[in-house]
There are 2 protein chains.
Amino acid sequence: MEKTFEKLKNELKNKNIRLSHQRLKVLEYMSTHKTHPTVDMIYNDLQKEVPTLSKTTIYNTLDTLKNAGLVKVVTIEDNEVRYDSRTHEHGHFKCVSCEEIFDFDIKFDSFATKGLDNFKINNKDVYFKGICPDCSTKQ
Amino acid sequence: MEKTFEKLKNELKNKNIRLSHQRLKVLEYMSTHKTHPTVDMIYNDLQKEVPTLSKTTIYNTLDTLKNAGLVKVVTIEDNEVRYDSRTHEHGHFKCVSCEEIFDFDIKFDSFATKGLDNFKINNKDVYFKGICPDCSTKQ
DNA sequence: TTTCTAAGTTGTAATCATTACAAGTTAATT
DNA sequence: AATTAACTTGTAATGATTACAACTTAGAAA
Ligand SMILES: [Mn+2]
Ligand SMILES: [Mn+2]
Ligand SMILES: [Zn+2]
Ligand SMILES: [Zn+2]
């Protein structure tokens with residue numbers, strides 16, 4: 001089950017991160033947009049509601065949220081950074097046709113890995129690319 | 001077993017990609033440096049041998065090699081792009097302490113994925129982060 | 001509620017990686 | 001050796017991210 005905006009807000013408070021208007025707006029945006037948006041997308045959308053919002057603040061806020069563990073960075077492409085408020089372990093599939101990024105469940109325990117004995121693993125990212133079903137049927 | 005420089009050279013020739021001096025230098029560098037170098041690392045190293053080499057050429061060449069399937073891009077970090085001449089499917093582990101990127105074998109078939117039925121998967125990247133054994137013992 | 005101030009926000013400028021482009025050079029075919 | 005499309009180079013343009021100083025505010029304390 002997804003964390004609600006209220007729960008996320010409490011997590012911030014518990015970590016002594018100030019609940020500024022801008023941060024709450026970004027957090028709310030992330031919790032309601034599961035599309036793995038870029039900084040630009042967030043900025044363009046939120047600007048309509050908060051005209052004084054600065055892009056620097058988006059960068060700062062996402063960095064704060066990342067350090068607090070409330071968002072994760074998705075680097076599936078080498079030319080754009082995307083953000084994700086789904087922080088549980090899951091894989092990402094990017095359709096190279098429609099460019100959409102899909103989440104998928106994955107059993108990380110099922111990974112048969114050789115050569116990682118004695119490595120302390122803190123973070124796992126799985127990125128797939130290909131064609132999504134919709135684009136497949138449309139050819 | 002690794003592809004030798006000679007084999008890689010033949011692959012280029014077969015794909016009608018011209019064997020320019022610069023391309024061969026970059027290709028040779030990649031086939032002898034399995035450290036997942038950045039453009040800057042390649043440039044700085046090769047410049048010593050080929051003083052007229054341009055960074056633009058490194059970019060162009062890596063793009064050509066990527067399209068020819070002779071190198072792969074590693075986007076394990078959001079702030080630097082690395083290149084890999086090991087093109088078989090394998091995972092990458094980055095030690096957040098010494099910054100080294102390690103290869104590891106992985107059985108991609110063992111992935112238990114839910115929700116990717118009817119998705120056509122062309123590319124799989126697995127990125128882990130943590131602490132390598134050396135850095136662990138040094139604390 | 002008012003006061004206080006460390007922390008947050010903003011706009012602008014600086015930085016850094018990557019790409020565009022035009023002029024000179026070369027691989028490889030003839 | 002001549003030819004030419006493709007390649008390389010240096011420089012300039014672009015675009016994303018970061019640095020910074022002045023202004024503003026969240027939240028604690030009085
Ligand atoms: Mn996701
Ligand atoms: Mn590798
Ligand atoms: Zn699609
Ligand atoms: Zn290490």
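The sequence lines fix the lettering, A, B, ..., with proteins before strands; numbering per chain opens at 1.
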* A/Asp40 CG to D/dT14 P: how many Å, rounded? -> 17 Å

* Asked: Are B/Phe93 and A/Ile76 connected in the hydrophobic side-chain network, where two residues link if heavy atoms are under 4.5 Å apart?
  -> no

* Asked: Quick one: A/Ile17 CD1 to C/dA6 C1', roughly how many Å, whole number?
  -> 15 Å

* To do: May I have the distance from B/Asn79 (atom CG) to C/dT15 (atom P), rounded to whole angstrom?
  => 18 Å

* Asked: Do the charged groups of B/Lys94 and B/Glu77 touch, with an N to O distance under 4.0 Å?
  -> yes

What donor-acceptor contacts under 3.5 angstrom involve side-chain atoms of residues 2-9 of chain B, with partners at least two apart or in another chain?
{"from": "B/Glu2", "atom 1": "OE1", "to": "B/Lys34", "atom 2": "NZ", "distance (Å)": "3.3"}
{"from": "B/Glu2", "atom 1": "OE2", "to": "B/Arg86", "atom 2": "NE", "distance (Å)": "2.6"}
{"from": "B/Glu2", "atom 1": "OE2", "to": "B/Arg86", "atom 2": "NH2", "distance (Å)": "3.4"}
{"from": "B/Lys3", "atom 1": "NZ", "to": "B/Glu11", "atom 2": "OE2", "distance (Å)": "3.2"}
{"from": "B/Thr4", "atom 1": "OG1", "to": "B/Lys7", "atom 2": "N", "distance (Å)": "3.2"}

* Name the closest nucleotide to the B/Arg18 side chain, picking from C/dT9, D/dC7, C/dT10. => D/dC7

* To the nearest Å, how far apart are A/Lys13 NZ and D/dA28 C1'? -> 14 Å

* Asked: Parallel, tilted or perpendicular: which fits the ring planes of A/His90 and A/His36, with parallel below 30° and perpendicular above 60°?
  -> tilted

* Asked: Within this structure, what is the CG-to-C1' distance between A/Asn16 and C/dG8, rounded to whole angstrom?
  -> 15 Å

* Structure fact -> Picking from D/dT17, C/dT9, C/dT26, the nucleotide nearest the side-chain atoms of A/Val81 would be D/dT17

* Please test B/Lys55 against B/Asp40 for salt bridge (charged side-chain N to carboxylate O under 4.0 Å, His left out), starting from the C-alpha separation and ending with a verdict. => CA-CA 8 Å; B/Lys55 198 177 280 189; B/Asp40 251 47; 2.7 Å; yes

* ring-ring contact (aromatic ring centres under 6.0 Å, His included) between B/Phe119 and A/Phe128: does it pass, once the steps are laid out? -> CA-CA 10 Å; B/Phe119 282 71; A/Phe128 289 0; over 10 Å; no

* **Nearest-angstrom distance from the residue atom CZ of A/Arg23 to C1' of D/dT25** => 12 Å

* **Under-4.0 Å side-chain N/O to phosphate OP1/OP2 contact, B/Ser54 with D/dT8** => no

* Under a 4.0 Å heavy-atom cut-off, which of residues 55-68 of chain B touch DNA chain C? -> B/Thr56, B/Tyr59

* Rounded to the nearest angstrom, tell me the gap between atom CG in A/Leu24 and atom C1' in D/dG27. => 13 Å

* Whole angstrom is fine here: how far is it from CG in B/Leu53 over to P in C/dT26? => 14 Å

* OP1 or OP2 of C/dT26 less than 4.0 angstrom from a side-chain nitrogen or oxygen of B/Gln22, does that happen here? -> no

* To do: Between B/His21 and B/Val39, name the one whose nearest nucleotide on DNA chain C is closer to the 5' end.
  => B/Val39

* **Atom NZ of A/Lys120: over 12 foreign heavy atoms under 6.0 Å** => no

* 5'-most by nearest nucleotide on DNA chain D - B/Thr52 or A/Ser20 -> B/Thr52

